[in-house]
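Below is one structure, written out as structure tokens, with a few remarks after it.
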There are 2 protein chains.
Amino acid sequence: MNDALDKAVRVFCERGYHATSIGDLTEAMQLAQGSVYKAFKDKRAVFLAAFDRNKAVRAEKLQDAIGAGGTGRERIRKALAFYAEASHGAEGRQGCLVVGSAAELAIFDDEVAQRVAASLDRNEALLTGLIQQGQADGSIPADLDSAATARLMLCLLQGMRVVGKTGRSRDEMAAVVEVAMKALA
Amino acid sequence: MNDALDKAVRVFCERGYHATSIGDLTEAMQLAQGSVYKAFKDKRAVFLAAFDRNKAVRAEKLQDAIGAGGTGRERIRKALAFYAEASHGAEGRQGCLVVGSAAELAIFDDEVAQRVAASLDRNEALLTGLIQQGQADGSIPADLDSAATARLMLCLLQGMRVVGKTGRSRDEMAAVVEVAMKALA
DNA sequence: ATTTATAGGAAACGATCGTTTCCGAATCAA
DNA sequence: TTGATTCGGAAACGATCGTTTCCTATAAAT
């Protein structure tokens with residue numbers, strides 16, 4: 001089922017919610033229409049499940065990317081690099097489900113809006129934690145505003161995914177990461 | 001007609017392309033269906049016209065915001081503040097047509113993709129110009145990578161519009177701007 | 001005043017969508 | 001082998017969408 005949801009995630013990323021038909025989903029998930037409606041109440045339920053699945057997968061990959069060791073500064077760089085990697089080439093063009101959901105559904109679907117906000121808040125909190133770790137281990141100045149800096153990083157990450165939809169190169173995005181590290185001065 | 005297109009822009013921002021019906025457009029634009037189809041070939045043509053109209057309006061407001069005088073550094077700050085202002089409260093929730101188009105249409109509509117890329121490129125070039133002006137007037141270090149820094153600013157601006165959809169306060173966004181200025185050190 | 005052009009608005013079209021229902025095939029238990 | 005249960009897939013539903021057409025009313029022009 002998770003495999004099928006991963007396929008659904010890709011379709012929803014590429015086409016958005018309203019432009020993906022049930023046929024698109026069944027084709028991508030390799031399930032019959034009957035099976036889809038047996039497993040999910042309706043299209044929206046598939047979307048919400050795909051959203052949650054995507055959130056879990058991306059969160060795990062992000063945790064793997066930033067690792068357990070290293071200074072807070074190094075781990076911040078790895079987090080930025082992780083998003084840079086997802087914001088170029090084919091994966092960049094595929095887009096981000098959180099960004100797409102924020103743009104398409106956040107106004108008219110409270111439940112989706114809540115999940116989008118929760119995803120962003122979670123990322124913001126993770127960034128804040130990394131910054132505070134850096135301030136504790138001395139790799140980031142103690143007088144830095146950790147909350148505002150984490151918020152800047154959050155905006156930057158989401159923006160990279162937007163800009164990445166227009167087809168940028170890995171080097172372009174990697175250069176952005178290097179400049180962004182100045183915010184930790 | 002520009003008034004009507006401005007209304008169309010708002011609807012497309014809030015609902016996205018696929019979720020806005022012709023009825024939504026006629027209601028917002030205060031035009032009869034017949035009039036819409038007399039002025040535009042189809043819904044997509046309305047969208048493209050609205051996109052262009054939005055681009056012109058926002059570009060003019062941005063130019064007004066950054067002004068003609070001041071150092072490059074000051075004008076960069078004004079540009080960032082202009083986007084911060086658009087990324088909080090009700091206007092923030094309304095969203096950005098460029099971001100929405102990038103997420104929803106950039107993959108399956110080459111013409112829209114081209115316009116989205118052009119909008120981003122234009123903003124990136126404008127930021128690059130402001131940075132280079134700052135390097136010329138001494139308000140920004142000469143050894144700074146103007147291209148990469150402008151790209152970072154572009155990602156940040158688009159990201160602010162994404163995060164702004166979840167309802168942030170003016171102060172939160174203003175604080176991001178202050179931190180972002182560190183990238184010009 | 002008559003004609004012409006224009007905009008508004010209703011109606012109807014084909015198409016597509018999400019959803020439900022139904023039936024045949026396959027799997028597994030007894 | 002028989003029976004029950006699950007799953008795939010086709011068909012059909014009502015609804016909605018984008019689009020076209022047609023008719024009326026208003027205003028401009030002769």
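Atoms considered below: every heavy atom in the structure, side chains included; atoms not considered: hydrogens, waters and symmetry mates. Quick caveat: nothing in here was measured; it's all calculated off a predicted structure. Throughout, a chain's letter reflects where its sequence line sits, starting with A, and its residues are numbered from 1.
Between A:Glu14 and A:Arg93 there is no salt bridge, since none of the side-chain N atoms of the basic residue sits less than 4.0 Å from a carboxylate O of the acidic one. B:Glu104 has no carboxylate O lying under 4.0 Å from a charged side-chain N of A:Arg15, or vice versa, which leaves the two without a salt bridge. The pair A:Arg10-A:Asp3 fails the salt-bridge criterion, with no side-chain N (NZ, NE, NH1 or NH2) lying under 4.0 Å from an Asp/Glu carboxylate O. We find that A:Asp137 and A:Arg73 are not joined by a salt bridge, their nearest charged nitrogen and carboxylate oxygen being 4.0 Å or further apart.
Minimum atom distance to the side chain of B:Tyr37 is reached by D:dG18, of the listed D:dG18, C:dC17, C:dT20. Of the candidates D:dG18, D:dC7, C:dT20, the closest approach to any side-chain atom of A:Lys38 belongs to D:dC7.
If you find the closest nucleotide of DNA chain D to A:Val36 and to A:Gln33, the one lying nearer the 5' end belongs to A:Val36. Comparing A:Lys43 and B:Leu31 by the nucleotide of DNA chain C whose heavy atom lies nearest to each, the residue mapping closer to the 5' end is B:Leu31.
Residue pairs meeting the side chain to side chain donor-acceptor pair (under 3.5 Å) criterion with at least one partner in residues 56-72 of chain B, sequence neighbours excluded, are B:Arg58-B:Glu91.
One can place CZ of A:Arg44 at 11 Å from P of C:dT19, the figure rounded to the nearest angstrom. For the pair A:Met29 CE and D:dG9 C1', the computed distance is 16 Å after rounding to whole Å. Across the protein-nucleic acid pair, A:Ile22 atom CD1 and D:dA11 atom P stand 19 Å apart, rounded to whole Å.
Residues of residues 9-20 of chain B that place a heavy atom closer than 4.0 Å to DNA chain C do not occur.
Between A:Phe47 and A:Phe12, the angle of the ring planes goes over 60°, which puts this pair in the perpendicular group of the 30/60° scheme.
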